[in-house]
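Data block below; observations after.
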Amino acid sequence: MESVNLKALTKTEIFAGATEEEVSSMLNCLSAKKKKYKKDEIIFHAGDIVSSIGVMLKGNALIENDDIWGNRSVLDYVKEGQIFAETYACALDEKLMVNVIAMSDCEVLFLDVRKILKVCPNACEFHQNLVQNLLAISAQKNLNLSRRIFHTSSKTIRGRLLSYLSYQAMEREKEEFDIPYNRQQLADYLGVDRSAMSNELGKMQKDGLIEVKRNHFRILDVD
């Protein structure tokens, strides 16, 4: 396998708590493979059956679903250090219902999930921690999906925007922040028309609720 930055891997969510020596040992056990992708290239296609989880080493990606009529929904965002496809890899022979698309040039490390879930023949000390990390990550992903359902529960575009932006501000504990989506991606995430959403953002600025420039937001009138 092409060499990887072991120090950087210790800072990823799947290897959290591991030493560089432990990571090096685990990579051999887990049949690790690294692959590069160009911007807009599809990392995983809907319909694929996967047996490996992806660890984003460099770049970022979108997880999205396209229905048969071409309507797109953005479900999640993958940034450096995070993993993806773990649910499908653990659910043997389950076809992907989503596409994973590179938002920039990416480097991804693939790990054989079957070797994560089985007892390591080399008795790696970190193996149990690896499984615990995987469970914790999966639980957080479920919370993220639940959060999206909450953000899209409002019948109005303004209600969906207020829910999403309010959460972003509370999560960062400040009223000025960047979001990971461009305008089209935010519309897809919230399940609304882009033009209608852009119009609503303009109205919210006029009403003194927010200031927005591209993906940078400032929350106003919070007293």
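Worth saying up front: this structure is predicted, and the values here are computed from it rather than measured.
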Q: Taking the side chain as every heavy atom from C-beta outward, state whether Leu62 and Val100 have any atom pair closer than 4.5 Å.
A: no
Q | From CA spacing to verdict: side chain to side chain contact (heavy atoms under 4.5 Å, CB included), Leu96, His45 | A | CA-CA 7 Å; Leu96 280 169; His45 293 78; over 6 Å; no
Q: Report yes or no: do Ile137 and Met26 belong to one cluster of Ile/Leu/Val/Met/Phe/Trp/Tyr joined by side chain heavy-atom distances under 4.5 Å?
A: yes
Q: Please report the C-alpha distance between Lys39 and Asp105 in whole Å, then the side-chain angles of each, then the deciding distance to 0.1 Å, and finally whether the salt bridge (charged side-chain N to carboxylate O under 4.0 Å, His left out) criterion is met.
A: CA-CA 5 Å; Lys39 181 180 178 181; Asp105 290 351; over 6 Å; no
Q: Please step through side chain to side chain contact (heavy atoms under 4.5 Å, CB included) for the pair Asn133 and Phe126, ending with a clear verdict.
A: CA-CA 10 Å; Asn133 286 348; Phe126 187 73; 3.8 Å; yes
Q. Any donor and acceptor pair, going by atom type alone, linking the side chain of Glu94 with main-chain N or O of Ala91 inside 3.5 Å?
A. no
Q: Nearest 0.5 Å please: distance from the CE atom of Met56 over to the NZ atom of Lys58.
A: 13.0 Å
Q: Drop me the distance from Asp76's CG to Leu145's CG, to the nearest 0.5 angstrom.
A: 6.5 Å
Q: Look only at the side chain of Ser24 and the backbone of Glu21, and say whether a donor-acceptor pair between them is shorter than 3.5 Å.
A: no
Q | Check: Leu209 main-chain N/O paired with Asp207 side-chain donor or acceptor under 3.5 Å | A | no
Q | Partner residues of Glu200 under the salt bridge (Lys or Arg N to Asp or Glu O under 4.0 Å) criterion, sequence neighbours left out | A | Arg158
Q: Applying side chain to side chain contact (heavy atoms under 4.5 Å, CB included), run through Ile42 and Phe44 and close with a yes or a no.
A: CA-CA 6 Å; Ile42 297 181; Phe44 282 141; 5.5 Å; no
Q. Is there side-chain contact between Asn71 and Asp66, with at least one heavy-atom pair below 4.5 Å?
A. no
**Q.** Any donor-acceptor pair under 3.5 Å from Arg194 side chain to Ala187 backbone
**A.** no
Q | Step-by-step side chain to side chain contact (heavy atoms under 4.5 Å, CB included) determination, Asn65 to Arg72 | A | CA-CA 6 Å; Asn65 170 260; Arg72 177 172 298 172; over 6 Å; no
Q. Can you tell me how far NZ of Lys79 sits from OG of Ser104, rounded to the nearest 0.5 angstrom?
A. 13.5 Å
Q. Can you tell me how far the CD1 atom of Ile157 sits from the CG atom of Leu190, to the nearest 0.5 Å?
A. 9.0 Å
Q: Could you tell me whether a side-chain N or O of Gln205 sits under 3.5 Å from a main-chain N or O of Val212, the two making a donor and an acceptor?
A: yes
**Q.** Where Val4 and Leu109 come nearest, the two heavy atoms and their spacing
**A.** CG1-CD1, 4.3 Å
Q: Please report the closest heavy-atom contact between Leu111 and Ala32, naming both atoms and the distance.
A: CD2-CB, 3.7 Å
Q: Determine yes or no for a side-chain-to-main-chain donor-acceptor pair under 3.5 angstrom, with Glu80 supplying the side chain and Gly59 the backbone.
A: yes
Q. Under a 4.5 Å cut-off applied to non-hydrogen side-chain atoms, are Val78 and Ile83 in contact?
A. no
(Q) Can you confirm whether Tyr164 sits close enough to Tyr189 that some side-chain heavy atom of one is under 4.5 Å from a side-chain heavy atom of the other? (A) yes
(Q) Any heavy-atom pair between the side chains of Leu57 and Leu9 that's under 4.5 Å? (A) yes
(Q) Treating Asn215 as the side-chain partner and Tyr181 as the backbone partner, does any N or O pair qualify as donor plus acceptor under 3.5 Å? (A) no
Q) Is a side-chain donor-acceptor pair under 3.5 Å present for Glu176 with His216? A) yes
Q.
Please enumerate all residues that pass salt bridge (Lys or Arg N to Asp or Glu O under 4.0 Å) together with Asp48, with sequence neighbours excluded.
A. none
**Q.** Glu20/Lys7 ion pair, N-O < 4.0 Å
**A.** no
Q | Heavy-atom donor-acceptor pair, Glu41 side chain to Lys38 backbone, under 3.5 Å | A | yes
Q.
Let me check something: do Val55 and Val23 share a hydrophobic cluster, defined by ILVMFWY side-chain heavy atoms less than 4.5 Å apart, either directly or through other members?
A. yes
Q. Do Ser31 and Lys115 have side chains that get closer than 4.5 Å, going by heavy atoms?
A. yes
Q.
In the structure I gave you, are the side-chain heavy atoms of Ile53 and Ile116 within less than 4.5 Å of one another anywhere?
A. yes
Q.
Using 0.5 Å steps for rounding, measure from the CD1 atom of Ile219 to the CG atom of Leu165.
A. 5.0 Å
(Q) Would you compute the distance between atom CG of Leu201 and atom CG of Leu186 and round it to the nearest 0.5 angstrom? (A) 7.0 Å
**Q.** Residue pair Glu107, Lys34: steps toward the salt bridge (charged side-chain N to carboxylate O under 4.0 Å, His left out) verdict
**A.** CA-CA 7 Å; Glu107 289 186 9; Lys34 188 169 78 169; 3.7 Å; yes
**Q.** Inter- and intrachain pairs under side chain to side chain donor-acceptor pair (under 3.5 Å), touching residues 136-150, at least two apart
**A.** Glu86-Lys141, Gln140-Asn144, Asn144-Arg147, Arg147-Tyr167
**Q.** Minimum side-chain heavy-atom gap Tyr77-Ile63 below 4.5 Å
**A.** no
Q. Between Ile49 and Met97, is there a shared hydrophobic cluster once you connect ILVMFWY residues whose side-chain heavy atoms come closer than 4.5 Å?
A. no
(Q) When you measure from the side chain of Asp188 to the backbone of Ser73, do you find a donor-acceptor pair of N or O atoms at a distance under 3.5 Å? (A) no
**Q.** Heavy-atom closest contact (Leu134 atom, Cys90 atom, distance)
**A.** CD2-SG, 4.2 Å
Q. With no hydrogens and no angle check, is any side-chain donor or acceptor of Gln185 less than 3.5 Å from a backbone partner on Asn182?
A. yes
Q. Going only through I, L, V, M, F, W and Y residues with side-chain contacts under 4.5 Å, is there a path from Leu75 to Phe84?
A. yes
Q.
With clusters defined by side-chain heavy atoms of hydrophobic residues (ILVMFWY) lying less than 4.5 Å apart, directly or transitively, does Val108 cluster with Met103?
A. no
